[in-house]
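Since the model is a prediction, treat every value here as computed from it, not as a measurement. Both backbone and side-chain heavy atoms feed into the values below; hydrogens, waters and symmetry mates do not.
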Number of protein chains: 2
Amino acid sequence: MTVNGNSAQGHAAPTINDVASLAGVSKKTVSRFINNSPMMSEATREKVSVAIDTLGYVPNPQARALALRRNFMIALLHDNPNAKTVVNFQKGVLSAIRDTELALAVRPVDRESPDLLADVESFLTKQRPLGVLILPPISERSDLVELCQRLEVNYVRIGSTPLDTSEHCVASNDRQIVCKMVGALIRAGHQRIGFVRGPEGFRSPIEREGGFMDALSAANIEFDPDLIYRGNYRFESGVLAGQQLLNRETRPTAIFVSNDEMAAGVLHVAHELGIRVPGDLELLGFDDTGTASYVWPPLTTVHWPIEEMGRLAALKLVPEFVGDGAENEDLNAVIVPSHIVERSSAKLNLKDAKLL
Amino acid sequence: MTVNGNSAQGHAAPTINDVASLAGVSKKTVSRFINNSPMMSEATREKVSVAIDTLGYVPNPQARALALRRNFMIALLHDNPNAKTVVNFQKGVLSAIRDTELALAVRPVDRESPDLLADVESFLTKQRPLGVLILPPISERSDLVELCQRLEVNYVRIGSTPLDTSEHCVASNDRQIVCKMVGALIRAGHQRIGFVRGPEGFRSPIEREGGFMDALSAANIEFDPDLIYRGNYRFESGVLAGQQLLNRETRPTAIFVSNDEMAAGVLHVAHELGIRVPGDLELLGFDDTGTASYVWPPLTTVHWPIEEMGRLAALKLVPEFVGDGAENEDLNAVIVPSHIVERSSAKLNLKDAKLL
DNA sequence: AAACGGTTTGTCACCGGTGTCAAAAGACTT
DNA sequence: AAGTCTTTTGACACCGGTGACAAACCGTTT
């Protein structure tokens, strides 16, 4: 015998009226119970609670949505080239809202489209989600945020660095972790280090570049501008980067690539040129969303905690729904720490790190 | 000046009553227009249409959801180990419903959990989606389908082979395409071919195995049972497969691996053992969701058309919403054709194929 | 002109909750 | 015991649509 008891009653789901008459109160009182209003005596609270349990009553979200002008749904807005990022983030969000009545709607948008704002506005006004989660890179667009504010839709932005106040933002600290990893690479003996950058116009490439440069200047290494390649985070551009950086007479002994997919592209070229990795060349990636462990050799990289960020973002967006086990979480935390995963593509010297 | 005109009116969205009074008709008539009921004179249809346009009226989905006991949302039910599959499927679905008022809700479930059915039932009764899309492997579970039928929720199942009637199913034909690819491998000269199978208990591994065996028997090659390894579709199990199949005195000259992630694992081992691919060994994968092109050498594989399957599944699930450009699609089609992508990990002889 | 069948339109209750505000019930004074 | 203030409860309209059914309209027929 399982938890559910309502299928006996000819299969009509019990309504608030059923509960009200069974408990001998008005439906407004039941409504108060549902929304745990403080203005209730313990006695009636108990009566209603019993009635709800015996009927197996569950409030109808559509009716509440109409009355409250708010759908019991949170939306995920993204324009993300990386599937794994999106899915892992979804996993985090869903682990947070698993036992709630909330649904998660995904809404991919087209960053390039001039209708982006109109699209999102129509989505928000039609679906009226409780709130939206905005993934990078569009999380950086202030016009989107202003739209949310105007439409009075709560939001949480995800970023590679804090983009907003703590209740509206979850971030990793890419700059710091990259600095740490590249620092460990330098301490392992490298001086001539290449850098493959991400696309222009977004924040995470800037952060990762900042971390790279920080590490170099901390070690008093002057950066050779010939050793930089500007990619777009895609595998193909990693191939181009590899062709440019590895086909020169004096190759770098190591390359930090701003994400794993491009690192896979560089690796591809290294193989074609017969350059041994590691050995002739060491390679550092960023993201750790699968690709890093599927290539040969597996990449030393930064694990970007996107799943955990999803979980935290959901907690911040709708704390009142996920409160159960999470009251003691620190919802003011903005930074979710990343960590370095040392695999075969590069040897690091993590021990001798000076104080951070 | 953009399309929207309602923000002038103090920002309250126009309701059906506004439209009704502007058009000089009752709100029921407007409702008829919205649901394009046939019982309307051309004259009133025109009046209402004009009123809707001038006000920029959009029906409130929550209200309709309440009245119709149906949420304007389709749900994606999955328990899929492969992130790319899920995201690409989502992309297909969203390309179909982009211009509709529909939302897409994702609902990952836990195949192992004894509460799976209860979970899904609670989700379906609470959210009351228009319909659900069920991804493999849980698309094979008949108890889920019976649940949908009992709750009167429309559904479309995705599979590697037709699982249901044409209105409830979209499928690839894994067996046929694998047979074709392995046949081309045989014609390229291989006789001793290894096989890495997917997990027990699901359909797609069976189909892919069937295709492999078909190709062998069509060429009158007897299969050596020592050349099979049973994996679970994950990278790690590909590594184990590689260790077993490649550490023997007489190695296979080629291996067909039932998915790309495991193929990446086999490749990993080949590199460790210094086995050249191609050259000493040729490798065939299946899926083509990214991994295949990010490894070295890039894999010859089958492109599994999961995105297109998503699009078609959405069309079948809610044809009345996506009808616009799609009337002329064949919604009776069940099989979405796959195709072979020849990259570097194996040379095929596709030309000399006999008739299929 | 009245009766008739078919089409188009409107009325009103209803979907299942919530907001407003007034009434009822308790607690506390005097 | 009556008066006052505070807490708890209920009546009723409302959120924005749809369904059932009745009314109005229209062109024919008798």
Regarding B/Y57, tell me which of base, sugar-phosphate or nothing describes its non-hydrogen contacts under 4.0 Å with the strands shown. sugar-phosphate
Side-chain N or O of A/N60 versus OP1/OP2 of C/dC15: is the shortest distance under 4.0 Å? no
Whole-Å distance, B/M39 CE to D/dA22 C1', equals 14 Å
Result for 5'-nearest mapping on DNA chain D, choosing between A/S26 and B/L66, is A/S26
Judged by nearest nucleotide, the residue sitting upstream toward the 5' end of DNA chain C, B/T29 or B/L68, is B/T29
Would you say the side chain of A/R32 and the base of D/dG10 hold a donor-acceptor pair, judged only by whether the two atoms sit under 3.5 Å apart? yes
Just call it for A/V25: base, sugar-phosphate, or nothing, with non-hydrogen atoms closer than 4.0 Å on any strand. sugar-phosphate
B/M40 CE to C/dG10 C1', in whole Å, measures 13 Å
Output yes when A/E140 and A/R157 qualify as a salt bridge under the 4.0 Å nitrogen-oxygen rule, no when they do not. no
Between A/I16 (CD1) and D/dC12 (C1'), how many Å, whole number? 15 Å
When all nucleic acid strands are considered with a 4.0 Å heavy-atom cut-off, which category describes B/N35: base, sugar-phosphate, or nothing? sugar-phosphate
Are more than 12 heavy atoms from other residues, nucleotides or ligands located less than 6.0 Å from atom NZ of A/K91? no
Nucleotide D/dG16, atom P - distance to NZ of A/K126 in whole Å: 17 Å
A/K47 NZ - D/dT8 C1' separation (whole Å): 11 Å
Tell me whether the side-chain N/O atoms of A/S31 come closer than 4.0 Å to OP1 or OP2 in C/dT18. yes
Any side-chain N or O of B/S41 under 4.0 Å from OP1/OP2 of C/dT8? no
Any donor-acceptor pair under 3.5 Å between the side chain of A/K27 and the base of D/dG10? no
Using modelled atom types only, decide if a donor and an acceptor are shared between the side chain of B/N35 and the backbone of B/S37 within a distance under 3.5 Å. no
Whole angstrom is fine here: how far is it from CZ in B/F72 over to P in C/dC15? 18 Å
Within this structure, what is the CZ-to-P distance between A/R45 and D/dT8, rounded to whole angstrom? 9 Å
Over how many whole Å does the gap from A/N71 atom CG to D/dG16 atom C1' extend? 14 Å
State the CG-CD1 distance between B/L163 and B/I158, to the nearest 0.5 angstrom. 9.0 Å
Any donor-acceptor N or O pair under 3.5 Å, side chains B/R64, B/N71: no
Taking only N and O in the side chain of B/T44, is any of them less than 4.0 Å away from OP1 or OP2 of C/dT8? no
Result for 5'-nearest mapping on DNA chain C, choosing between B/A67 and B/K28, is B/K28
